[in-house]
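What follows is a short report on a single structure.
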Amino acid sequence: MERHQELKRLGFFGILKESFKLIFSQKKLFTQISVALLIPISIILEVKILTAILFSFNMFKNRDEPEDFTVFIIPQYSTLNISYIASFKWVAFWLLSEITYLILLLVLSILSTVTIAYTTASIYKSKDTTFKKAAAAVPKLWKPVLITFLLVFAVTFAYDYILGPVLGLILRLLFFKKFVVLKIVIGVILTVLYIVVFVYITLIWHVGTVVSALENDIYGAKAIIKGRNLLKGKMKASVAVFVVLLTLSAGIDTAFVLVVVYETIRIWAVRIGVGILLVLLKLLMVLLGLVAQTVIYFVCKSYHDETFENLDDADDQKVPIDVQYEKLPV
């Protein structure tokens, strides 16, 4: 019960501290998970940036700089004109790469989410677990998580590719001759609102996937609703955690583009070394994000005085449990 009260009181800094404590309390286990699942995710995320720029160079004619490569990363903000396209063969290659990227990212994200949620829950239960046991839980837990992933992906896709272009059009219409300051202010407000809603959707998505992994017969819309309800009372701290992690991740991506793509560092050996370092930092962000989303789930459960139930054993079906709150080793 003492541990329950500790989790209940955790705020922004407490959640981050707890996430690091979990990782360092099981360094070997989280290292195995990172090597098996998170390193591939980190590499895929950075390769996505490289391929976006590669395709921009090969698809657009009469362009020395990849001005429109953002169409491959954030299409809603692109100024792409179809008349710029020089090779539809490269368009086909790009579509194929996008499909491959999404499938690989989806599979690895589900595997890593389930594995880390199971591992974190086992640690809180003071139950001995190994990478083999965590991996064995995946076949029983991946389907509910997949359903939740696909639902939120559809919502996110609609938000990005329907509301996003509308916002992009509004911003372009605003930036004409008169009332420049007012239009800039309106543009900033609209952009901030767009980002706030995006962060909100992302946060509920992540907590919802943990709900799907750890609770019986709750997935899809039910998991999203449950995740949203759990976040009540801890929304500010949870949003702050996700904003910090997303900002750091975006900073790593920006540094990767500047160093690896635009060659701000001319020495090849140094550039490769910095590139590898940035991929490792990306790995840390992915790991910390996955652990933090599970910690947020447990913090929210404690806040609402809910028992931590329906953890799936690797050898058994989902059974109700009461978590024993014990101090984690530091």
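None of the values given here were measured: they were computed from a predicted structure. Atoms considered below: every heavy atom in the structure, side chains included; atoms not considered: hydrogens, waters and symmetry mates.
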Linked, directly or transitively: Phe242 and Leu284 (ILVMFWY side chains, under 4.5 Å)
yes
Is a donor on one side and an acceptor on the other found under 3.5 Å between the side chain of Ser112 and the backbone of Ser109?
yes
How about Leu290 and Thr294: do any of their side-chain heavy atoms sit closer than 4.5 Å?
no
Sequence-distant partners of Ala292, side-chain contact (heavy atoms from CB on, under 4.5 Å), two or more places apart:
Ser19, Val241, Leu245
Over 12 foreign heavy atoms within 6.0 Å of CZ, Phe30
yes
In one Ile/Leu/Val/Met/Phe/Trp/Tyr side-chain cluster, 4.5 Å: Tyr219, Val211
no
Please name the pair of heavy atoms, one in Ser34 and one in Leu287, separated by the smallest distance, quoted to 0.1 Å.
OG-CD2, 3.8 Å
dist Glu215:CD -> Lys226:NZ (nearest 0.5 Å) comes out at 3.5 Å
Answer yes or no: is there a donor N or O on one side and an acceptor on the other, between the side chain of His304 and the main chain of Gly233, under 3.5 Å?
no
Residue from Ile116, Val210, Ile15 passing side chain to side chain contact (heavy atoms under 4.5 Å, CB included) with Gln293
Val210
Could you state the interatomic distance from CD (Gln26) to CD1 (Ile123), rounded to the nearest 0.5 Å?
4.5 Å
Candidate pair Tyr303 and Leu10, rule side chain to side chain contact (heavy atoms under 4.5 Å, CB included), full reasoning:
CA-CA 9 Å; Tyr303 180 81; Leu10 291 183; over 6 Å; no
Do the side chains of Leu7 and Tyr124 get nearer than 4.5 Å, heavy atoms only?
yes
Flag the pair Leu230 / Tyr297 as yes when at least one side-chain heavy-atom distance between them is below 4.5 Å, and no otherwise.
yes
Looking at every non-hydrogen atom in both residues, tell me the closest pair between Leu150 and Leu106 and how far apart they are.
CD2-CD2, 4.1 Å
Determine whether Phe298 and Leu214 satisfy the following criterion, side chain to side chain contact (heavy atoms under 4.5 Å, CB included), listing intermediate values before the conclusion.
CA-CA 11 Å; Phe298 283 111; Leu214 297 180; 4.0 Å; yes
Spatial distance of atom CG (Leu141) from atom OG1 (Thr209) [nearest 0.5 Å]
12.0 Å
Establish whether Val145 and Ile225 are linked, either directly or via other cluster members, by ILVMFWY side-chain heavy-atom contacts under 4.5 Å.
no
Rounded distance (nearest 0.5 Å) linking atom OG1 of Thr100 with atom NZ of Lys48:
11.0 Å
Compare every heavy atom of Gly220 with every heavy atom of Ser212, then report the nearest pair and how far apart it is.
OG-N, 4.4 Å
Over 12 non-hydrogen atoms of neighbours within 6.0 angstrom of CZ in Phe12
yes
Quick one: are Val291 and Thr119 in side-chain contact, heavy atoms under 4.5 Å?
no
What are the two closest heavy atoms between Lys222 and Asp217, and how far apart are they?
CD-O, 4.3 Å
Closest heavy-atom pair and its distance - Ile252, Met285:
CD1-CG, 3.6 Å
Distance from Leu248 atom CG to Asp253 atom CG, nearest 0.5 Å?
11.0 Å
Would you give the length of the straight line joining atom OH of Tyr200 to atom CE of Met235, rounded to the nearest 0.5 angstrom?
4.5 Å
Output yes when a side-chain donor or acceptor of Ser25 lies under 3.5 Å from a complementary backbone atom of Leu22, and no otherwise.
yes
Side-chain heavy atoms under 4.5 angstrom apart, residues restricted to Ile, Leu, Val, Met, Phe, Trp, Tyr: same cluster for Val107 and Leu96?
no
Stepwise side chain to side chain contact (heavy atoms under 4.5 Å, CB included) test for Val270 and Val259
CA-CA 10 Å; Val270 177; Val259 172; over 6 Å; no
Set of side-chain contact (heavy atoms from CB on, under 4.5 Å) partners for Phe20, sequence neighbours left out
Phe24, Leu288
Check the hydrophobic clustering (I, L, V, M, F, W, Y; side-chain heavy atoms under 4.5 Å; chains of links allowed) and say if Leu29 and Val295 are grouped together.
yes
Of all heavy-atom pairs between Ile110 and Phe149, which one has the smallest distance, and what is that distance?
CG1-CD1, 3.8 Å
Apply the test side chain to side chain contact (heavy atoms under 4.5 Å, CB included) to residues Leu111 and Trp142: give CA-CA distance (whole Å), side-chain angles for both, the deciding distance (0.1 Å), then the verdict.
CA-CA 7 Å; Leu111 293 176; Trp142 71 269; 5.7 Å; no
Hey, does Glu18 have a side-chain heavy atom less than 4.5 Å from the side chain of Val299?
no
Can you check whether Lys8's main-chain N or O pairs, donor with acceptor, with Lys234's side chain at less than 3.5 Å?
yes
